[in-house]
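Whatever order the structure lists ligands and atoms in, that order sets their numbers, starting from 1.
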Amino acid sequence: MVEYARAQAATQRLDNATFRVMDVLKPLTFPDNSFDLVNARFLVGLMPAAAWPKLLEECRRITRPGGIIRLTEFDEPGLTNSPAFEQWKAITFSATRKAGLMTAPDGRHFGITPVMSRLLIDAGFEKLDRKAHVIDFSAWTEAHETMYQNCMVAFKLVQPFIAKMGIATQEKLDERYQQMLIEMMLKDFYGLWYYLTVWGQKPY
Ligand SMILES: C[S@@+](CC[C@H](N)C(=O)[O-])C[C@H]1O[C@@H](n2cnc3c(N)ncnc32)[C@H](O)[C@@H]1O
């Protein structure tokens, strides 16, 4: 990821961009009050539900007074008309729930977007605002190819985690995975991916 980020920065001539690797579940090795903007995106799949307040406390510490924190998360990786895609989501959310990640009470999605504002308020941020986004990745759209590639990689990488949680056998996961890729390639595949950005200011 860091090599990729460095390559992106170089091609965009962002000479003042630097990248460092840290564990988001541990204290961050940045000084207090050091950033105008702290931006965090798509952490829900790795954050234990109970770890969010501690992380936001850390984000508050490293943001300067008057600085902004911005979170972007999603409840599910898309609403589709593909039975295999939808089944894959159900399997994944059973695993995330068992692993103690943020999951809605009925286990049907992450349930993170409704609580993002509360997390920021409880961490001491104010002047909150939010913006919803949607990507249409239906078969005929520009985003389809990119989302297909994303799903091909992401749904493969998550397989060992699901197997480890004892939700499905590797054989069943492989079969559903292949079927999902086939259904995503159908000319009448429909998919929408909603996500939410919430931001707030650290008081002066
Ligand atoms: C879904 S990706 C999001 C990446 C990026 N923020 C984005 O929006 O494109 C999650 C990333 O977090 C990394 N990760 C997983 N656990 C982590 C941890 N404990 N500390 C820091 N990074 C972690 C994964 O390796 C992966 O690169």
Side-chain angles (χ1 to χ4, degrees), residues 1-12 14 17-30 34-63 67-79 85 88-89 91-93 95-104 109-113 115-116 119-120 123 130-135 137 142-165 173 177 180 191-200:
M1 290 291 273
V2 168
E3 285 311 312
Y4 177 75
R6 286 196 179 117
Q8 288 285 312
T11 53
Q12 293 174 42
L14 301 172
T18 57
F19 300 91
R20 290 167 60 186
V21 179
M22 289 175 208
D23 186 346
V24 78
L25 302 176
K26 297 197 175 129
L28 303 172
T29 56
F30 293 120
S34 47
F35 292 102
D36 295 320
L37 172 70
V38 172
N39 181 58
R41 191 182 73 164
F42 301 164
L43 304 187
V44 72
L46 64 99
M47 289 288 291
W52 277 98
K54 193 83 200 148
L55 172 63
L56 290 174
E57 206 179 289
E58 267 300 274
C59 291
R60 184 176 193 273
R61 180 185 68 75
I62 65 176
T63 307
I68 301 288
I69 174 153
R70 183 174 71 175
L71 300 180
T72 299
E73 295 294 342
F74 58 91
D75 287 320
E76 53 177 355
L79 290 168
F85 191 104
W88 185 273
K89 284 190 326 198
I91 292 170
T92 304
F93 290 125
T96 60
R97 182 177 224 176
K98 202 164 171 187
L101 303 185
M102 187 82 82
T103 315
H109 55 88
F110 280 127
I112 178 73
T113 64
V115 302
M116 283 160 71
L119 287 169
L120 290 187
R130 52 198 65 73
K131 186 173 168 54
H133 319 269
V134 64
I135 294 177
F137 62 103
E142 205 178 310
H144 179 258
E145 177 58 24
T146 310
M147 277 297 281
Y148 178 79
Q149 298 292 339
N150 276 350
C151 292
M152 195 157 75
V153 174
F155 285 49
K156 186 48 129 183
L157 288 176
V158 82
Q159 275 192 3
F161 163 69
I162 295 172
K164 191 171 131 202
M165 286 296 123
L173 290 173
Y177 174 75
M180 181 197 70
L192 282 185
W193 183 25
Y194 297 98
Y195 50 106
L196 181 72
T197 299
V198 181
W199 61 96

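- The CG atom of Leu173 sits 4.5 Å away from atom CH2 of Trp88, with the distance rounded to the nearest 0.5 Å.
- From Asp75, atom CG reaches atom CG of Leu196 across 8.5 Å, with rounding to the nearest 0.5 Å.
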Report all side-chain donor-acceptor pairs from residues 143-154 shorter than 3.5 Å, counting only partners two or more places apart or in another chain.
from, atom 1, to, atom 2, distance (Å)
His144, NE2, Met184, O, 2.8
Glu145, OE2, Gln149, NE2, 2.7

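- Scanning the protein for heavy atoms near atom 4 (C) of ligand 1, the closest one is Met1 CE, 3.7 Å.
- Protein heavy atom closest to atom 20 (N) of ligand 1, with residue, atom name and distance, is Val24 N, 2.9 Å.
- Counting heavy atoms from C-beta outward, His133 and Thr197 have side chains that approach closer than 4.5 Å.
- Using a 4.0 Å threshold on non-hydrogen atoms, atom 1 (C) of ligand 1 counts as touching the protein.
- A 4.5 Å side-chain heavy-atom check between Ile68 and Thr63 finds every atom pair outside the cut-off.
- Protein heavy atom closest to atom 22 (N) of ligand 1, with residue, atom name and distance, is Met22 O, 4.2 Å.
- There is no protein heavy atom less than 4.0 angstrom from atom 25 (O) of ligand 1.
- Considering only non-hydrogen protein atoms, atom 19 (N) of ligand 1 sits nearest to Asp23 OD1, 2.8 Å.
- The shortest contact between atom 3 (C) of ligand 1 and any protein heavy atom is with Phe42 O, 3.7 Å.
- In this structure, atom 17 (C) of ligand 1 lies nearest to the protein heavy atom Leu46 CD1, 3.8 Å.
- Between Val134 and Tyr195, every side-chain heavy-atom pair lies at or beyond the 4.5 Å cut-off.
- Under the rule for a side chain to side chain donor-acceptor pair (under 3.5 Å), Arg41 has no partner lying at least two apart in sequence or in another chain.
- Ranking protein heavy atoms by distance to atom 6 (N) of ligand 1, first place goes to Arg41 O, 2.9 Å.
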